[in-house]
Amino acid sequence: MKKGLVLVTLLAALGLASCGGKTAKDETSPVISGAANMSCAVNETIDLLKGVTAVDDVDGDVTEAIEITLMPSLTVTNGKVTPILDGDYEVKYAVTDKAGNEGTAFATLNVTPALAEKEVYKKFEFKDASTSGFSTFFFDEIPNQIEGTCGIVKGNYEIKATKVDGEAWHIKFENGKLATKPASDCKIKFSFTSTVAGKVKVEVGGVNNTEYDVVIGMNTIEHEFTAASEETYVGMQLGMLEPFTINVSSVEITQTVGEDVYTDVTPDFKYNANGVAWGNFDGEGTVTSTENSTTINIKSTGGENGVWQTKLFVRPGYDLEANKTYKISVDLESKNSQSVFEICYNNGDVEKGIGALYGQSIAANEKKTISLIVKPEEAKDNLTLLFQLGQLDDTALGNTLTISNLKIEEVGGDKQQETSSIVFTPEGVETFNDPASAAGNLYISNGKLVYEMTKIGLTDWHNKMFVKSIELEADKIYTISFKAKADKNISCALFLNPLGKWDPRLSAQVNFTTTEQEFSFTVDKAFATKMGFELLWQFGSTENAALGNATIEFSELIIYAQDVQ
């Protein structure tokens with residue numbers, strides 16, 4: 001072999017050896033797998049490494065090198081911790097390979113309180129309703145002139161007159177000893193359905209026989225008077241009607257004493273300034289403003305024509321202080337009639353409610369003032385009026401609504417208002433059925449609580465059954481348990497909500513079937529203070545409305561409590 005060829009071959013071999021021996025830099029971090037949220041109870045030991053592994057592309061399995069830290073800090077021994085305080089802890093897993101690359105993963109450890117044995121806190125006994133002092137008078141001095149029956153039927157006080165003589169007071173729905181405060185301004189409201197149309201009279205203290213119109217279907221009669229004593233006679237004279245059946249669902253009494261003092265705090269704003277008025281349309285429309293008013297022109301709405309599909313926002317630029325009472329009023333003028341719309345009073349995010357007026361109406365070419373009294377428990381910045389206007393009486397005509405003369409007044413003085421309702425549903429439970437879109441009754445049958453919905457609305461609160469004024473103590477975990485079935489498969493939303501505001505502490509979906517089931521739902525944390533709650537089953541929805549009607553039967557309702565140890 002020639003010497004030159006040997007030299008070239010040797011150099012090539014040395015070059016290959018040099019290239020093959022060069023080491024690439026390790027810049028890839030180890031990968032941690034299996035880290036997931038977990039939970040345990042106070043004083044329970046949990047292995048945070050269970051199911052967790054770490055692999056490096058160069059070093060291989062580095063699971064044993066994983067280090068765990070928690071925030072708030074807890075002592076970790078061999079991957080295990082024993083929390084002594086409840087709450088959520090952030091768990092950080094970290095591992096470093098030989099080249100110094102760190103891999104991390106995160107999870108949450110939820111530590112639940114240590115609980116005592118579950119005990120019955122409140123068991124509801126389904127009791128028949130009371131008439132609460134109301135009764136029916138049938139004039140019987142002339143034989144065979146007046147005939148009728150009365151009593152509680154399916155959650156209503158039913159008055160059925162099969163023979164009448166046209167004399168108003170010969171048939172009366174009355175209370176001879178309604179508790180009142182002398183000199184107080186009072187209002188009594190009768191809510192009932194009627195099978196006939198005509199007139200009735202409301203009598204207070206033997207006088208004030210004021211006539212009111214009655215229509216077939218749902219009626220609300222409101223009568224104002226000044227109380228003369230601690231006991232006041234009130235009656236609704238029905239004898240003027242043709243043979244009828246009237247079902248009274250409730251009687252509401254409002255009493256007002258003292259005087260209000262109003263201080264106008266309305267800021268000097270212009271409707272056409274930036275950010276004061278704007279619209280949101282699922283359909284088609286415009287908003288135009290001058291210095292003194294805002295006008296929304298609704299040309300069309302979305303397909304479902306819901307009240308929420310066309311919205312007008314008016315923001316006056318005023319902050320509400322906590323625990324102060326305000327009167328908010330606004331003038332409305334409408335081109336066409338609009339029988340169902342809402343006004344929601346919100347803070348700056350235009351979603352969280354301060355108050356609302358539902359089921360409002362206005363006639364064509366009508367001018368009216370609408371007002372609401374609000375008392376926020378917390379300060380609310382940037383008050384916003386939300387007008388939900390999508391549900392038009394005639395979608396072909398659309399509508400034009402003008403908003404003007406917005407006024408915000410602080411309410412002072414010593415005026416107080418007390419409202420109480422007399423209902424004929426079983427004691428301890430009530431029902432609400434939106435008059436515009438829902439109907440239902442709540443009653444006892446064979447020892448069971450029955451909610452019979454004869455018409456179901458489109459929104460959850462349109463049909464609801466509720467237990468009011470449940471007082472729950474602090475430092476306990478509560479479980480709501482009930483047994484129920486339905487005459488068809490139907491779902492509802494269940495809420496445990498503090499009285500006076502919307503802040504549910506328990507939210508769940510309940511799926512009823514034709515077979516009785518036991519349902520159980522537990523709050524996720526104890527309450528810091530003793531609080532009053534309402535328990536709500538809300539059935540309205542598009543799916544349920546398609547069913548037309550449904551009946552739910554409850555055989556048991558219990559609240560369990562466990563002390564936090």
Side-chain angles (χ1 to χ4, degrees), residues 126-137 150-160 171-180 186-195 200-204 210 212-225 232-238 241 244-256 357-359 417-444 449-455 457 461-469 499 534-540:
F126 303 134
K127 298 179 180 179
D128 289 330
S130 166
T131 60
S132 299
F134 278 89
S135 59
T136 302
F137 167 76
C150 63
I152 295 176
V153 178
K154 289 190 173 183
N156 295 298
Y157 188 96
E158 181 184 85
I159 309 163
K160 182 179 292 186
I171 304 175
K172 292 190 290 185
F173 174 64
E174 60 185 358
N175 187 330
K177 296 183 177 181
L178 184 70
T180 52
C186 300
K187 180 172 68 176
I188 186 164
K189 180 169 74 173
F190 300 94
S191 298
F192 60 93
T193 60
S194 176
T195 58
V200 299
K201 291 183 178 180
V202 174
E203 174 187 4
V204 175
T210 306
Y212 293 91
D213 291 325
V214 170
V215 299
I216 296 174
M218 189 67 199
N219 291 265
T220 299
I221 289 178
E222 297 185 4
H223 182 81
E224 296 181 357
F225 64 95
T232 300
Y233 172 90
V234 295
M236 186 166 54
Q237 301 181 10
L238 308 170
L241 298 172
F244 62 85
T245 298
I246 280 179
N247 283 286
V248 183
S249 58
S250 67
V251 181
E252 185 177 277
I253 303 97
T254 300
Q255 301 189 60
T256 305
L357 291 171
Y358 301 121
Q417 192 174 75
E418 298 176 356
T419 299
S420 60
S421 292
I422 296 171
V423 295
F424 307 102
T425 53
E427 291 185 12
V429 289
E430 295 183 35
T431 183
F432 171 82
N433 303 284
D434 180 50
S437 60
N441 299 301
L442 191 64
Y443 57 90
I444 301 293
L449 179 67
V450 179
Y451 182 24
E452 180 183 15
M453 292 173 283
T454 55
K455 184 179 180 183
W461 57 267
H462 284 181
N463 301 78
K464 63 183 177 182
M465 186 187 89
F466 54 94
V467 180
K468 267 191 173 180
S469 302
L499 292 173
E534 57 184 353
L535 185 60
L536 303 144
W537 291 261
Q538 301 193 164
F539 289 88

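By the 30° and 60° cut-offs, the orientation of the rings of Tyr157 relative to Phe424 is tilted.
When the options Asn156, Thr425, Val423 are evaluated for a side-chain contact (heavy atoms from CB on, under 4.5 Å) with Ser250, the one that passes is Val423.
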Under the criterion side-chain contact (heavy atoms from CB on, under 4.5 Å), I'd like the reasoning laid out for Leu442 against Phe432: C-alpha separation, chi angles, the key distance, then a yes or no.
CA-CA 10 Å; Leu442 191 64; Phe432 171 82; over 6 Å; no
Between Leu178 and Ile188, is a side-chain contact (heavy atoms from CB on, under 4.5 Å) present by the stated rule, with each step listed?
CA-CA 10 Å; Leu178 184 70; Ile188 186 164; 4.3 Å; yes
May I have the step-by-step check of side-chain contact (heavy atoms from CB on, under 4.5 Å) for Phe190 and Phe173, ending in yes or no?
CA-CA 10 Å; Phe190 300 94; Phe173 174 64; 4.1 Å; yes
Between Ile159 and Thr245, is a side-chain contact (heavy atoms from CB on, under 4.5 Å) present by the stated rule, with each step listed?
CA-CA 6 Å; Ile159 309 163; Thr245 298; over 6 Å; no
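Heavy-atom minimum distance, His462 versus Ser437: ND1-OG, 3.0 Å. Scanning both residues, Thr254 and Gln417, for their nearest heavy atoms gives CG2-CG, 3.4 Å. In plain terms, the two heavy atoms of Ile422 and Ser132 that are nearest each other are CG2-CB, 3.4 Å.
Take Glu174 and apply the salt bridge (Lys or Arg N to Asp or Glu O under 4.0 Å) test, not counting sequence neighbours, and it matches Lys172. Judged as a side chain to side chain contact (heavy atoms under 4.5 Å, CB included), and not counting sequence neighbours, the contacts of Ala129 are Ile152.
In this structure, Phe539 has its ring center under 6.0 Å from that of Tyr451.
Between the Ser249 side chain and the Ser191 main chain, a donor and an acceptor come within less than 3.5 Å of each other. Remark: side-chain polar atoms of Asn463 are paired, donor with acceptor, to backbone N or O of Gly457 under 3.5 angstrom.
When side chains are defined from C-beta on, Asp434 does not count as touching Tyr358, because their heavy atoms never get closer than 4.5 Å. Residues Leu238 and Phe137 are not in side-chain contact: their nearest non-hydrogen atoms beyond the backbone lie 4.5 Å or more apart.
The distance from atom NZ of Lys160 to atom OG1 of Thr136, rounded to the nearest 0.5 Å, is 13.0 Å. Atom NE2 of His223 sits about 12.5 Å away from atom NZ of Lys201, to the nearest 0.5 Å. Distance check: Thr232 OG1 to Lys177 NZ gives 12.5 Å after rounding to the nearest 0.5 Å. To the nearest 0.5 angstrom, Lys187 atom NZ is 12.5 Å from Gln255 atom CD. The structure places OH of Tyr443 at 12.0 Å from OG1 of Thr431, a figure rounded to the nearest 0.5 Å. Interatomic distance, CG of Asn175 versus OG of Ser135, reported as 7.5 Å (0.5 Å rounding).
Using a 4.0 Å cut-off between charged side-chain N and carboxylate O, Lys154 and Glu452 make a salt bridge.
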Show me the donor-acceptor pairs, under 3.5 Å and distance only, between side chains in residues 215-222 and residues at least two apart or in other chains.
residue	atom	partner	partner atom	Å
Asn219	OD1	Val215	N	2.8
Asn219	ND2	Val215	O	2.8
Asn219	ND2	Gly217	O	2.9

